[in-house]
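Here is the structure we will look at.
Along the sequence shown, the residues carry numbers beginning at 1. Just so it is clear, the values below take in all heavy atoms, side chains as well, and ignore hydrogens, waters and symmetry mates.
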Amino acid sequence: MAEAASEIPEKFFGKYDLDRSENFDEFLAAKGVSWFVRQMIKLAKVSKVLAKNETPGKYNMENLTSKKNTLYHGWELGKTFEAEGLDGVAHKITFSFKDGVLSEHHIRLNDPEHSAETYYYTIENDQLVMKMVNNGITCRRWFKRSTGKK
């Protein structure tokens, strides 16, 4: 079994804009999201920013959407923190890095028994690729590295 890395490689840092998705509607449906809400989510512009924090060994992840932003600043790999998710409720969140994959694990505090989700990020062809699985449905979303200002 491989060791978890103590830091995130430089190639992950930057701003990324959503380019395309695979099985995203099916993934949301498997989570019980209504048709109307799925259409609204799919229309949202999404960007992700991953950066080193000013404090050594800490990081920032920002999810920027046309509807709501989540800003996770100052977290450390392997250490759980509480913050609001894109769904508007409080989550316990843990980031890890292992075998070239950055993972983001969420548990909603209002439903800890049924709400665990993990998002997996890799860099492929200078794109950030996000993978999610729910009820047997695997979804991938590709984010192009942004060349514009944050």
Side-chain angles (χ1 to χ4, degrees), residues 1-24 26-33 41 44-150:
M1 190 139 153
E3 285 278 312
S6 58
E7 62 181 51
I8 298 171
E10 206 62 44
K11 68 180 181 180
F12 277 84
F13 302 124
K15 180 178 183 202
Y16 300 88
D17 299 318
L18 181 63
D19 181 43
R20 63 190 170 94
S21 299
E22 171 186 278
N23 287 336
F24 189 54
E26 296 85 346
F27 172 80
L28 293 173
K31 288 180 58 172
V33 178
I41 291 171
K45 180 177 173 2
V46 181
S47 296
K48 290 189 175 285
V49 180
L50 183 60
K52 288 183 178 176
N53 187 276
E54 309 79 52
T55 306
K58 295 192 176 190
Y59 301 95
N60 300 335
M61 167 80 88
E62 298 179 355
N63 294 292
L64 309 174
T65 76
S66 48
K67 298 291 176 212
K68 178 181 183 61
N69 296 335
T70 57
L71 310 176
Y72 306 140
H73 290 174
W75 48 268
E76 295 177 64
L77 288 172
K79 295 200 176 168
T80 302
F81 62 95
E82 290 185 14
E84 187 176 321
L86 282 170
D87 57 6
V89 300
H91 291 215
K92 279 189 177 182
I93 304 167
T94 310
F95 285 90
S96 303
F97 190 84
K98 185 176 172 182
D99 298 335
V101 178
L102 177 65
S103 64
E104 177 184 359
H105 184 72
H106 284 244
I107 297 174
R108 286 193 302 274
L109 295 181
N110 65 354
D111 186 17
E113 297 295 312
H114 305 100
S115 66
E117 287 189 334
T118 305
Y119 312 119
Y120 301 94
Y121 301 97
T122 54
I123 298 293
E124 298 173 19
N125 301 320
D126 206 37
Q127 290 191 322
L128 182 70
V129 181
M130 177 183 184
K131 181 177 126 180
M132 306 173 281
V133 180
N134 186 280
N135 290 331
I137 304 289
T138 299
C139 165
R140 285 184 181 80
R141 304 190 90 190
W142 286 265
F143 293 82
K144 282 187 175 175
R145 191 178 292 273
S146 175
T147 52
K149 297 277 185 248
K150 184 176 157 187

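- Annotation: side chain of Ile41 is in contact with side chain of Leu28 (closest heavy-atom distance under 4.5 Å).
- The two atoms that bring Arg141 and Leu18 nearest to each other are NH2-CD2, 3.0 Å, heavy atoms only.
- Scanning both residues, Gly74 and Lys58, for their nearest heavy atoms gives O-CD, 3.3 Å.
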Step by step, would you call Glu117 with Lys31 a side-chain contact (heavy atoms from CB on, under 4.5 Å)? CA-CA 10 Å; Glu117 287 189 334; Lys31 288 180 58 172; 2.7 Å; yes
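- For the pair Thr65 and Leu86, the minimum side-chain heavy-atom distance is below 4.5 Å.
- Here the side chains of Arg140 and Met132 are not in contact, with every heavy-atom distance at 4.5 Å or above.
- One distance of note links NE2 of His73 with CD of Glu54; it measures 8.5 Å at 0.5 Å rounding.
- Here the CD-OG1 distance, from Glu62 to Thr70, works out to 8.5 Å after rounding to the nearest 0.5 Å.
- Separation of atoms OG1 (Thr80) and CH2 (Trp75) is listed at 12.0 Å; rounding is to 0.5 Å.
- One distance of note links CD of Gln127 with OH of Tyr16; it measures 10.0 Å at 0.5 Å rounding.
- Judged purely by atom type and a 3.5 angstrom limit, Asp87 uses its side chain to pair as donor or acceptor with the backbone of Val89.
- Taking CD1 of Ile107 as the reference point, atom CD1 of Ile93 lies at 10.5 Å (rounded to 0.5 Å).
- Atom CD of Glu82 sits in a crowded spot, with more than 12 heavy atoms from other residues, nucleotides or ligands closer than 6.0 Å.
- The minimum heavy-atom distance between Phe13 and Ala51, with the atom names listed, is CD2-CA, 3.7 Å.
- The neighbour count for Asn125 CG, taken as heavy atoms of other residues, nucleotides or ligands under 6.0 Å away, does not exceed 12.
- Under the 4.5 Å side-chain criterion, counting only non-hydrogen atoms from C-beta, Phe95 is not in contact with Ile8.
- Between Phe12 and Leu102 the shortest side-chain heavy-atom distance falls below 4.5 Å.
- Contact record, Ser66 with Ala44: OG-CA, 3.4 Å, taken as the closest heavy-atom pair.
- With no hydrogens or angles considered, no side-chain donor-acceptor pair links Tyr121 and Lys131 at under 3.5 Å.
- With hydrogens and angles ignored, the 3.5 Å screen pairs no side-chain donor or acceptor of Ser146 with any backbone N or O of Lys15.
- Side-chain contact between Thr118 and Glu104 is absent, with no heavy atoms from C-beta onward closer than 4.5 Å.
- Contact check for Leu64 versus Leu71: side-chain heavy atoms found under the 4.5 Å cut-off.
- To the nearest 0.5 Å, atom CG of residue Asn60 and atom NZ of residue Lys52 are 12.0 Å apart.
- For the residue pair Asn63 and Lys48, a side-chain donor N or O sits within less than 3.5 Å of a side-chain acceptor on the partner.
- Side-chain contact check for Glu22 versus Trp142: some heavy-atom pair is nearer than 4.5 Å.
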Please determine whether salt bridge (charged side-chain N to carboxylate O under 4.0 Å, His left out) holds for the pair Asp17 and Lys144, giving the CA-CA distance in whole Å, both sets of side-chain angles, and the decisive distance to 0.1 Å. CA-CA 5 Å; Asp17 299 318; Lys144 282 187 175 175; over 6 Å; no
Before giving the answer on ring-ring contact (aromatic ring centres under 6.0 Å, His included), spell out for Tyr72 and Tyr59 the whole-Å C-alpha distance, their side-chain angles and the decisive distance to 0.1 Å. CA-CA 8 Å; Tyr72 306 140; Tyr59 301 95; over 10 Å; no
Stepwise salt bridge (charged side-chain N to carboxylate O under 4.0 Å, His left out) test for Glu84 and Lys68: CA-CA 11 Å; Glu84 187 176 321; Lys68 178 181 183 61; 2.4 Å; yes
Would you please test Lys79 and Thr94 for side-chain contact (heavy atoms from CB on, under 4.5 Å) and show each step? CA-CA 6 Å; Lys79 295 200 176 168; Thr94 310; over 6 Å; no
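- In this structure, the ring of His106 has its center less than 6.0 angstrom from the ring center of Tyr119.
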Show, in sequence, the C-alpha distance, side-chain angles and deciding distance for Leu109 and Lys92, and conclude whether the side-chain contact (heavy atoms from CB on, under 4.5 Å) test is met. CA-CA 7 Å; Leu109 295 181; Lys92 279 189 177 182; 3.4 Å; yes
